[in-house]
> 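Shown below is the structure under consideration.
What's counted below: heavy atoms across the whole structure, side chains too, no hydrogens, waters or symmetry copies. Proteins come first, then strands; the chains are lettered A, B, ... in the order of their sequence lines, and each starts at number 1.
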Protein chains: 2
Amino acid sequence: MKLSAKVEYGVRAMAVLAFYYQSGPFPLRKIAEQENISLKFLEHIFFKLRTSGLIFSMRGTRGGYMLSRPPAEINIGDIVRAVEGPITPVDCLSENGTDPCCHRKEGCLTRQVWEKLRDKINDVLDDVSLYELIDFKSTHIK
Amino acid sequence: MKLSAKVEYGVRAMAVLAFYYQSGPFPLRKIAEQENISLKFLEHIFFKLRTSGLIFSMRGTRGGYMLSRPPAEINIGDIVRAVEGPITPVDCLSENGTDPCCHRKEGCLTRQVWEKLRDKINDVLDDVSLYELIDFKSTHIK
DNA sequence: TGAATTCCGACCAAACAACTAGGGTATCCA
DNA sequence: TGGATACCCTAGTTGTTTGGTCGGAATTCA
């Protein structure tokens with residue numbers, strides 16, 4: 001029941017982008033330095049974030065990444081799902097019906113528990129936006 | 001963000017024990033057959049369930065396992081934590097303070113999100129007891 | 001005794017996670 | 001135009017976890 005390091009890094013990196021939103025494209029190298037994350041590793045994460053449409057990129061000497069929506073419109077759940085894929089506490093809930101547990105949708109006793117769990121996890125993660133994250137920072141740190 | 005197969009098996013096996021509660025010790029081999037789980041693998045799982053105090057065992061020819069409390073007093077969260085250990089969405093939340101994220105408890109922006117996530121997961125899992133699981137079965141299947 | 005059962009430690013193979021390496025390509029600016 | 005910078009892509013490496021097996025010892029009961 002763990003999130004991966006990729007997700008942690010992804011969220012922290014996106015928080016940086018949120019903080020510098022409206023300052024033009026922000027280079028990955030700086031994020032890597034600020035957050036002490038391997039640049040090469042971050043590249044992989046940002047590939048997923050970009051193909052998920054959460055950010056866009058600009059190449060060249062003054063290039064970098066930018067959020068494609070305002071921080072208030074990007075929530076943690078978006079980032080988690082972009083980096084890790086859809087949240088499925090047990091394989092039984094994913095759509096490829098190749099597992100023996102789910103022959104009978106009615107008969108799987110535990111299924112409804114896992115469904116509720118999945119929904120609640122999504123709820124929590126979708127309830128916090130990047131804006132709230134950096135707003136907390138501004139209030140308590142700066 | 002996945003539960004392990006151990007947890008799935010553990011919950012299903014505990015549901016069987018709940019169903020045969022008050023019928024004396026129930027042998028692991030029968031559970032393995034009913035639920036189509038490797039007996040040897042189940043042994044590992046039941047070691048954890050036993051040392052966590054959720055079940056007790058009786059050796060010998062008519063031995064087996066029994067719930068140590070009524071089904072209504074054992075919830076899914078108990079089983080998950082017994083088999084997988086405490087739920088910690090990110091390592092940052094576990095108590096060994098060896099990670100770089102948590103020098104400053106106040107400054108970790110994302111920490112409160114993960115804390116809320118952890119709490120909600122526990123809430124969902126603690127909200128369903130074995131009794132409710134097998135009661136659902138009795139109502140809809142039998 | 002012998003069969004059925006729990007208990008216990010070691011072992012193993014495959015998958016996964018967390019990086020790392022290194023080059024390729026596009027773009028920008030001077 | 002040319003070099004600097006940044007993004008893009010493939011693949012390998014290393015260590016841990018997961019899921020599972022094996023063999024055997026201890027215990028109980030008929």
> Under 4.0 Å, heavy atoms only, any strand: does Tyr65(B) hit a base, just the sugar-phosphate, or nothing?
sugar-phosphate
> Could you check which of dG19(D), dT25(C), dA18(C) has an atom nearest any side-chain atom of Ser4(B)?
dG19(D)
> Would you call the rings of Tyr20(A) and Phe26(A) parallel, tilted or perpendicular if under 30° counts as parallel and over 60° as perpendicular?
parallel
> I'd like to know if Thr61(A) reaches the base of dC28(C) with its side chain such that a donor and an acceptor end up less than 3.5 angstrom apart.
yes
> Would Ser4(B) and Glu84(B) count as having a side-chain donor-acceptor pair, cut-off 3.5 Å?
yes
> Counting distance alone, no hydrogens or angles: does the base of dT20(C) have a donor or acceptor under 3.5 Å from a partner atom on the side chain of His44(A)?
yes
> Tell me whether the side-chain N or O atoms of Lys40(B) pair up with the base of dG23(D) as donor and acceptor below 3.5 Å, since no angle test is needed here.
yes
> Scan Tyr9(A) against the nucleic acid and name what it touches under 4.0 Å (heavy atoms): base, sugar-phosphate only, or nothing.
sugar-phosphate
> In this structure, how many angstroms lie between the P atom of dT5(C) and the CD atom of Glu33(B), rounded?
9 Å
> Between Tyr65(B) and Phe46(B), is the ring centroid distance below 6.0 Å?
yes
> By nearest nucleotide on DNA chain D, pick out whichever of Glu43(B) and Glu84(B) is the more 5' one.
Glu84(B)
> CZ of Arg59(A) versus C1' of dC9(D): gap in Å, rounded?
11 Å
